[in-house]
Amino acid sequence: MAISLEGDVPSDSVASPPSTFDISWDRTFRGLTRFFSWMTIFLVVYILYEIAGKAFPAVQEFGLSFITGTTWDANRGEFGVFPEIWGTLYSSLLALAIGGFFGISIAIFLTQDFLPPRLELVFKNIVELLAAIPSVVYGLWGIYVVIPAMRPAANWVHEHLGWIPFFKTSLSGPGMLPAAMVLSIMVLPTISAVSRDALSSVPHKLKEAAFGLGATRWEAILGVILPTSATGIFGALVLGFGRALGETMALAMLVGNSNQVSLSLFSPANTLAALLANNFPEAGQQEEGVLMYAALILMAITLLVNLVGTAIMNRAASHLAGGTK
């Protein structure tokens with residue numbers, strides 16, 4: 001192997017000092033990433049500024065009574081979104097409970113060698129294809145398939161267990177449970193994909209060590225793999241919850257658009273996103289301001305959920321890394 005006279009680098013070595021083009025490209029790439037990062041922050045601030053500016057007259061006029069009020073009557077100028085806040089949180093939590101359970105179960109099923117590699121790839125692609133279905137198609141499927149299939153069982157539960165607050169009404173049409181069921185399917189690909197990545201990142205030696213200590217497959221999964229990947233799985237649940245909070249069309253078609261607060265899973269309800277979608281096309285000047293106020297509340301809820309989720313994940317990650325409280 002020939003050695004160059006200028007230095008110690010071999011003439012045929014793959015290693016070489018960066019060229020002027022490499023240095024320029026690296027600086028350009030770093031500059032572009034920094035620019036787009038700041039642009040993302042600027043875009044969020046700009047959106048918040050525009051919405052807050054249009055909502056400010058309504059905030060001045062209605063104040064906190066807009067959040068605690070339960071009446072929405074544009075003809076009388078009475079506006080309150082507490083039922084919509086309740087419906088948004090209630091439907092999202094129900095969808096998160098259902099979708100989270102099945103999403104994590106699917107992630108375990110696809111990462112812990114329950115299937116041959118080819119069949120595992122097929123199932124993974126099928127789950128991910130759920131994210132490609134338009135929201136309005138989910139809504140139509142819910143109206144024509146989910147509600148008719150669910151109604152007999154829901155009415156039977158109401159007849160026999162109607163004394164329980166969760167079943168105190170019958171399911172006559174759109175309602176909270178059909179909306180939550182469809183919403184759980186919509187958040188399922190997100191939860192499943194992120195949970196699958198978190199489970200796959202667990203070092204294989206940890207599972208081997210658990211087997212070496214005499215653990216069964218499920219003892220290794222529940223006692224070693226899930227706790228180790230808990231931070232990533234929690235991140236998947238936070239992303240799924242944020243996705244559920246902002247869903248619009250499917251809920252507008254399935255939740256019933258009823259301005260009421262109820263624990264019953266079968267009663268109609270409303271959400272902030274559905275309220276915005278249903279009322280904006282015919283909104284007057286005053287109603288446009290209160291709808292912007294409602295949009296501001298929805299943004300605040302979503303931001304709060306993400307901030308709390310990020311704080312919990314950071315705290316959990318520091319504990320796993322040996323950090324202090």
Side-chain angles (χ1 to χ4, degrees), residues 18-60 81 84-85 88-89 92 95-96 128-136 183 186-198 201 231-252 271-277 279-281 283 285 288-318:
S19 63
T20 304
F21 174 79
D22 293 333
I23 295 174
S24 300
W25 172 249
D26 181 70
R27 290 176 178 175
T28 302
F29 181 77
R30 283 187 293 174
L32 286 173
T33 55
R34 187 179 296 112
F35 170 76
F36 285 114
S37 298
W38 281 106
M39 281 298 297
T40 302
I41 298 174
F42 171 77
L43 181 61
V44 173
V45 174
Y46 176 71
I47 293 173
L48 182 61
Y49 170 78
E50 286 291 327
I51 294 177
K54 294 182 179 179
F56 186 70
V59 175
Q60 281 187 315
V81 292
E84 285 74 19
I85 296 174
T88 300
L89 295 176
S92 299
L96 182 65
E128 291 178 350
L129 279 175
L130 293 174
I133 300 176
S135 176
V136 67
L183 189 57
M186 298 179 71
V187 303
L188 184 66
T190 300
I191 297 175
S192 174
V194 180
S195 298
R196 191 171 64 246
D197 291 339
S201 65
T231 303
I233 292 175
F234 184 79
L237 295 176
V238 171
L239 289 174
F241 191 43
R243 169 79 169 83
L245 287 172
E247 176 52 43
T248 305
M249 285 309 301
L251 284 181
T271 66
L272 289 169
L275 176 75
L276 296 173
N279 288 277
F280 247 117
Q285 185 173 1
E288 182 179 341
V290 296
L291 289 172
M292 284 295 184
Y293 192 0
L296 195 64
I297 295 172
L298 180 58
M299 286 188 65
I301 293 173
T302 306
L303 179 62
L304 181 63
V305 166
N306 282 276
L307 288 177
V308 172
T310 301
I312 294 175
M313 284 190 294
N314 290 338
R315 188 176 180 83
S318 66

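If you read the sequence from its start, that first residue is 1, and numbering goes on from there.
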Mind checking the [atom1]-[atom2] spacing from [X] to [Y]? Nearest 0.5 Å is all I need.
X: Ile297; Y: Ile85; atom1: CD1; atom2: CD1; value: 4.5 Å
X: Ile47; Y: Met299; atom1: CD1; atom2: CE; value: 6.5 Å
X: Ser92; Y: Leu245; atom1: OG; atom2: CG; value: 4.0 Å
X: Tyr46; Y: Ile51; atom1: OH; atom2: CD1; value: 11.0 Å
X: Trp38; Y: Leu43; atom1: CH2; atom2: CG; value: 14.5 Å
X: Lys54; Y: Glu288; atom1: NZ; atom2: CD; value: 6.0 Å

Locate the shortest heavy-atom distance separating [X] from [Y]; write the atom from each residue and the value.
X: Pro189; Y: Ala131; value: CG-N, 3.6 Å
X: Val187; Y: Gly240; value: CG1-O, 3.5 Å
X: Glu247; Y: Ala273; value: O-CB, 3.3 Å
X: Leu251; Y: Thr271; value: CD1-CG2, 4.0 Å
X: Ser135; Y: Ala250; value: OG-N, 3.1 Å

- Stepwise side chain to side chain contact (heavy atoms under 4.5 Å, CB included) check, Leu89 with Ile301: CA-CA 9 Å; Leu89 295 176; Ile301 293 173; 4.0 Å; yes
- Task: Under the side chain to side chain contact (heavy atoms under 4.5 Å, CB included) rule, what do Leu276 and Thr248 come out as? Steps first, then yes or no, please.
- Result: CA-CA 9 Å; Leu276 296 173; Thr248 305; over 6 Å; no
- Side-chain contact test, heavy atoms from C-beta onward, threshold under 4.5 Å: evaluate it for Leu48 versus Val44 and give yes or no.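 A side-chain contact under 4.5 Å is absent here.
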- Which residues satisfy the side chain to side chain contact (heavy atoms under 4.5 Å, CB included) test with Ser201, sequence neighbours excluded?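 Ser201: no side chain to side chain contact (heavy atoms under 4.5 Å, CB included) contacts found.
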- Query: Out of Thr190, Val305, Thr302, which residue meets the side chain to side chain contact (heavy atoms under 4.5 Å, CB included) rule with Phe241?
  - Reply: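 With Phe241 as partner, Thr190, Val305, Thr302 yield a single side chain to side chain contact (heavy atoms under 4.5 Å, CB included), made by Val305.
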- Leu291 and its side chain to side chain contact (heavy atoms under 4.5 Å, CB included) partner, picked from Leu272, Leu296, Val81, Leu275: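 It is Leu275; the other options fail the test.
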- Message: Parallel, tilted or perpendicular: which one describes the rings of Phe29 and Trp25, with boundaries at 30° and 60°?
- Response: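 Ring orientation, 0 to 90° scale: tilted.
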- Donor-acceptor contact present, side-chain Thr33 to main-chain Arg30, <3.5 Å: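 Side chain of Thr33 to backbone of Arg30: a pair is present.
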- Item | Results of side chain to side chain donor-acceptor pair (under 3.5 Å) for Asn306 - residues two or more places apart only |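 None.
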- Message: Before you tell me yes or no, could you show the steps for Arg34 and Met39 under side chain to side chain contact (heavy atoms under 4.5 Å, CB included), namely the whole-Å CA-CA distance, both residues' side-chain angles and the distance that decides it to 0.1 Å?
- Response: CA-CA 9 Å; Arg34 187 179 296 112; Met39 281 298 297; over 6 Å; no
